[in-house]
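Note that ligands are numbered from 1 as they come in the structure, with each ligand's atoms numbered from 1 the same way. Note that the numbering runs from 1 along the sequence shown for the chain. Note that this is a predicted model, so its numbers are computed, not measured. Side chains included, hydrogens not; waters and symmetry mates left out as well; all remaining heavy atoms used.
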Amino acid sequence: MPSPAPHDRLPLAFGGDYNPEQWPQEVWEEDVRLMREAGVTAVSLGVFSWARLEPRPGEYDWEWLDKVIGLLHTAGISVNLGTPTVVPPAWFYRAHPDALPVTREGVRLAFGSRGAICHSNPDYRAAATTITRVLAERYGNHPAVVLWHVHNEYGAPVLACYCDVCAAAFRDWLRERHDTLDALNQAWGTAFWGQQYGDWEEITPPRATPSVCNPTQQLDYHRFADAQARANFVAERDILHRLSPGVPVTTNFMVAPSQGQTVDYWAWAKEVDLVTNDHYLMTDGRRTHVNLALAADLTRSVAGGGPWLLLEHATSGVNWQPYNPAKRPGEMARNSLGHVARGSEGAMFFQWRQSQSGAEKFHTAMLANSGTENRGWREVTDLGRRIAGLADLRGTRTRGDVAMVWSWDSWWAQSLEWRPSQDLDARERLDAFYEALYDRHLTVDFLPPTGLGDLDPSRYPLLVVPQLYSAPVGVGADLERYVSRGGTLLVSFFSGIVDENDTLHAGAYPGALRDVLGLTVEEFDPLLPGETVSVRGADGSSYTADLWSEVVLPGAGCETVAVFADGRTAGGAALTRHAVGSGAAWYLATRLTGADLAAVVDLALADAGITPVDLPRDVELVVREGESGTFRFAVNHTGGEVKVVLPDGGWAAVPAGGVEVFRDPR
Ligand code: GAL
């Protein structure tokens with residue numbers, strides 16, 4: 001893939017989605033004036049504008065967009081230009097009703113919302129590439145266009161369609177993946193329940209079935225749906241590369257929504273020129289700033305540690321959750337700069353001006369419906385000034401302290417039906433281990449489950465594997481190599497169980513990870529809702545666990561660090577340590593949360609020789625470093641002032657709810 005350097009033309013971004021088509025022309029001029037007042041440097045334009053750009057098939061209206069881009073350019077505001085392919089116009093669906101996606105239950109969804117896309121539909125594909133081409137022909141070399149924003153949040157709200165066109169495309173995809181029908185039958189385990197296929201044409205998408213549908217069929221379908229959407233992205237991207245050389249192409253990711261499993265961003269990140277992400281705080285009672293930090297760390301990780309950009313977040317409340325409280329004073333800046341601390345090259349919002357109608361009119365924006373005489377506007381303009389003051393941190397990088405494995409593919413597999421407990425939840429474990437590390441003020445780099453054998457223990461002394469249910473055989477050998485060279489590995493239960501076809505590894509659990517962990521698991525014994533067991537450490541410590549217990553049989557050289565003190569597996573190992581070469585592999589055979597999990601993470605950190613920074617809870621200290629210097633972000637989520645120690649040994653105060661950026665003297 002030709003990869004234009006994302007940095008060349010992109011400013012440190014501050015701005016938002018701009019939807020001028022919702023407003024008369026007089027408002028555009030006011031918009032641009034106010035954008036300048038707020039310090040806006042970039043906007044995402046035209047993301048949902050297809051119907052306005054092509055009001056009738058083949059008839060284009062460029063006048064308004066020419067004007068808007070011209071106004072922005074004159075004001076020195078850069079454009080992240082959208083290809084509007086997430087919402088084809090009503091006329092398109094009238095002509096091609098088959099392009100509307102079909103659910104598993106066979107319901108064809110209707111126009112009247114957004115994202116109603118069947119990614120296999122040839123008419124959709126042709127129309128999407130045509131509108132992309134004509135847009136690129138017109139604006140591909142416009143000096144204001146510094147980035148292309150393809151589509152919007154692929155996979156949301158619908159990733160998979162189950163229509164007949166998709167069924168045929170799925171069969172082609174399966175032929176590529178499995179080569180022969182025998183291999184497919186083997187991979188899907190179709191001998192079970194007599195599901196053997198004798199002809200490719202017999203295979204359908206995993207549509208609604210009377211009982212549980214074949215898990216590998218479901219898993220392959222998720223992969224297929226992801227690949228179809230990605231192919232459509234690539235088709236648009238290639239047109240843009242050809243007609244708009246040197247302008248990077250992105251599509252806005254949603255790497256860590258608190259629900260849903262989205263697409264495989266390890267694969268997507270390889271296709272974009274610049275990784276961008278959307279992040280919204282969930283009002284679900286959890287510590288939202290921890291989820292924000294996780295999302296930012298994960299986005300940086302899929303970007304390979306390199307620069308990335310927060311393309312959307314909210315100035316205050318959103319409107320699509322059951323309850324949408326406003327952000328507290330200072331919270332928006334804390335959110336925005338929290339992302340910047342973890343590598344974002346600026347902070348962008350959905351959206352610039354609050355909509356007066358439509359589904360998102362209650363969503364807050366940089367410029368409220370009420371105008372500029374309000375707290376929101378004052379905070380927006382303050383933030384604009386702060387971001388402008390950070391312009392020279394462009395290109396600096398945030399470095400993770402510890403590593404954690406994240407696999408969308410394993411998560412999809414683990415989330416299928418009929419597991420030993422319906423409460424098994426890979427994402428919950430990822431969040432829990434992340435939170436324990438966050439509470440030790442450590443920055444996490446996430447890694448895919450491939451190539452771990454080359455991981456350098458001196459770079460990442462600790463590697464955490466929260467719940468890697470699906471792990472090809474090679475993962476075990478890779479982890480062993482990492483540990484034997486001095487790494488400390490911490491693995492949580494229900495990891496290494498199946499291969500990429502959701503087939504159990506031969507022999508005892510935990511299949512692929514038996515050797516590195518130095519143990520076998522004789523039997524799973526999940527706990528019932530509300531049931532807990534006690535875990536007692538050899539050092540006298542005691543913890544309360546839930547969800548999961550199992551019968552662990554430690555092998556030679558595997559030390560039992562804590563046991564189940566009661567319950568059906570009482571007396572058996574609950575936490576083990578296996579010395580391998582100059583490192584050690586820890587295994588936690590049950591679910592601990594909060595302080596109990598933190599205590600186990602502390603044991604692994606100590607084993608890895610990591611001394612956590614001494615800071616109050618809910619205070620972040622994150623460092624960006626590069627040619628232009630070292631920037632230390634202190635983010636204070638507490639209600640009181642805190643003091644942080646600087647490298648010269650001095651102290652600096654960070655006000656309640658505030659963010660300070662300290663620059664090391666050069
Ligand atoms: C995003 C989406 C935006 C807007 C926003 C509202 O997921 O990309 O278009 O809907 O949510 O929070």
Side-chain angles (χ1 to χ4, degrees), residues 13 15-23 42-52 79-88 112-117 147-159 229 232-233 236 250-263 265 268 272 274-284 288 291-292 295-296 298-299 308-327 331-332 335-336 339 344 347-369 376 380:
D17 276 39
Y18 181 35
N19 297 302
E21 65 271 38
Q22 296 173 15
W23 300 94
V43 293
S44 301
L45 183 66
V47 178
F48 301 101
S49 305
W50 194 341
R52 179 72 189 262
V79 173
N80 170 26
L81 190 57
T83 69
T85 52
V86 70
V87 190
S113 176
R114 65 169 166 182
I117 311 279
L147 182 65
W148 284 98
H149 177 304
V150 170
H151 203 88
N152 193 62
E153 295 181 341
Y154 277 94
V158 175
L159 176 64
N232 284 353
F233 167 77
E236 291 191 33
T250 190
T251 181
N252 46 344
F253 292 178
M254 265 192 303
V255 297
S258 49
Q259 284 151 8
Q261 303 159 34
T262 60
V263 296
Y265 288 112
W268 281 77
V272 298
L274 174 71
V275 166
T276 56
N277 193 48
D278 297 349
H279 183 263
Y280 291 94
L281 300 182
M282 293 300 294
T283 315
D284 58 6
T288 52
N291 174 264
L292 184 152
L298 182 56
T299 312
W308 63 277
L309 174 60
L310 175 71
L311 211 50
E312 288 182 27
H313 69 318
T315 50
S316 187
V318 298
N319 71 313
W320 41 263
Q321 297 182 37
Y323 309 97
N324 301 286
K327 289 188 182 177
E331 190 175 356
M332 174 187 71
N335 294 164
S336 307
H339 285 285
S344 176
M348 309 263 296
F349 294 92
F350 177 84
Q351 61 179 329
W352 160 251
R353 183 185 275 273
Q354 183 181 356
S355 297
Q356 251 178 351
S357 51
E360 294 188 322
K361 55 185 167 294
F362 293 113
H363 196 292
T364 56
M366 297 174 81
L367 178 61
N369 195 31
V380 162

(request) For Thr250 and Leu274, indicate whether the former's side chain and the latter's backbone hold a donor-acceptor pair under 3.5 Å. (result) yes
(request) May I ask you to identify the nearest protein heavy atom to atom 9 (O) of ligand 1, giving residue, atom name and distance to one decimal place in Å? (result) Arg114 NH1, 2.9 Å
(request) Anything under 30° is parallel, anything over 60° is perpendicular, the rest tilted; go ahead and classify Tyr154 against Trp268. (result) tilted
(message) Is it the case that the side chain of Asn277 and the backbone of Val255 share a donor-acceptor pair, with hydrogens and angles ignored and the cut-off at 3.5 Å?
(response) yes
(request) Given side-chain contact (heavy atoms from CB on, under 4.5 Å), test Phe350 with Asn19 step by step and report yes or no. (result) CA-CA 10 Å; Phe350 177 84; Asn19 297 302; 4.3 Å; yes
(request) With heavy atoms under 4.0 Å as the rule, classify the contact between His279 and ligand 1 as side chain, backbone, both or neither. (result) neither
(request) Return the residue, atom name and 0.1 Å-rounded distance of the protein heavy atom closest to atom 5 (C) of ligand 1. (result) Tyr280 OH, 3.4 Å
(message) Please list, in number order, the atoms of ligand 1 under 4.0 Å from a heavy atom of His363.
(response) 6 (C), 12 (O)
(message) Give me the residue, atom name and distance of the protein heavy atom closest to atom 10 (O) of ligand 1.
(response) Glu360 OE2, 2.5 Å
(request) Would you mind listing which atoms of ligand 1 come within a distance below 4.0 Å of any non-hydrogen atom of Asp278? (result) 8 (O)
(request) For Phe48, take its heavy atoms, then give the atoms of ligand 1 lying under 4.0 Å from any of them. (result) 9 (O)
(request) Find all atoms of ligand 1 within a distance of less than 4.0 Å from any non-hydrogen atom belonging to Asn152, and give their numbers and elements. (result) 2 (C), 8 (O), 9 (O)
(request) Would you tell me whether Asn291 and His279 have side-chain atoms, one donor and one acceptor, within less than 3.5 Å of each other? (result) yes
(message) Among all the protein's non-hydrogen atoms, which is closest to atom 3 (C) of ligand 1, and how far away is it?
(response) Glu312 OE1, 3.3 Å
(message) With a 6.0 Å cut-off on the ring centroids, do Phe253 and Trp308 count as close?
(response) no
(message) Does only the side chain of Gln351 get under 4.0 Å from ligand 1, or the backbone, or both, or neither? Count heavy atoms.
(response) neither
(message) With heavy-atom distances below 4.0 Å as the criterion, list the atoms of ligand 1 near Glu153.
(response) 1 (C), 2 (C), 7 (O), 8 (O)
(request) Rounded to the nearest 0.5 Å, what's the gap from CG on Leu309 to NE2 on His339? Could you check? (result) 10.5 Å
(request) Calculate, to the nearest 0.5 Å, the distance between atoms NE2 and OG1 belonging to His149 and Thr276 respectively. (result) 6.5 Å
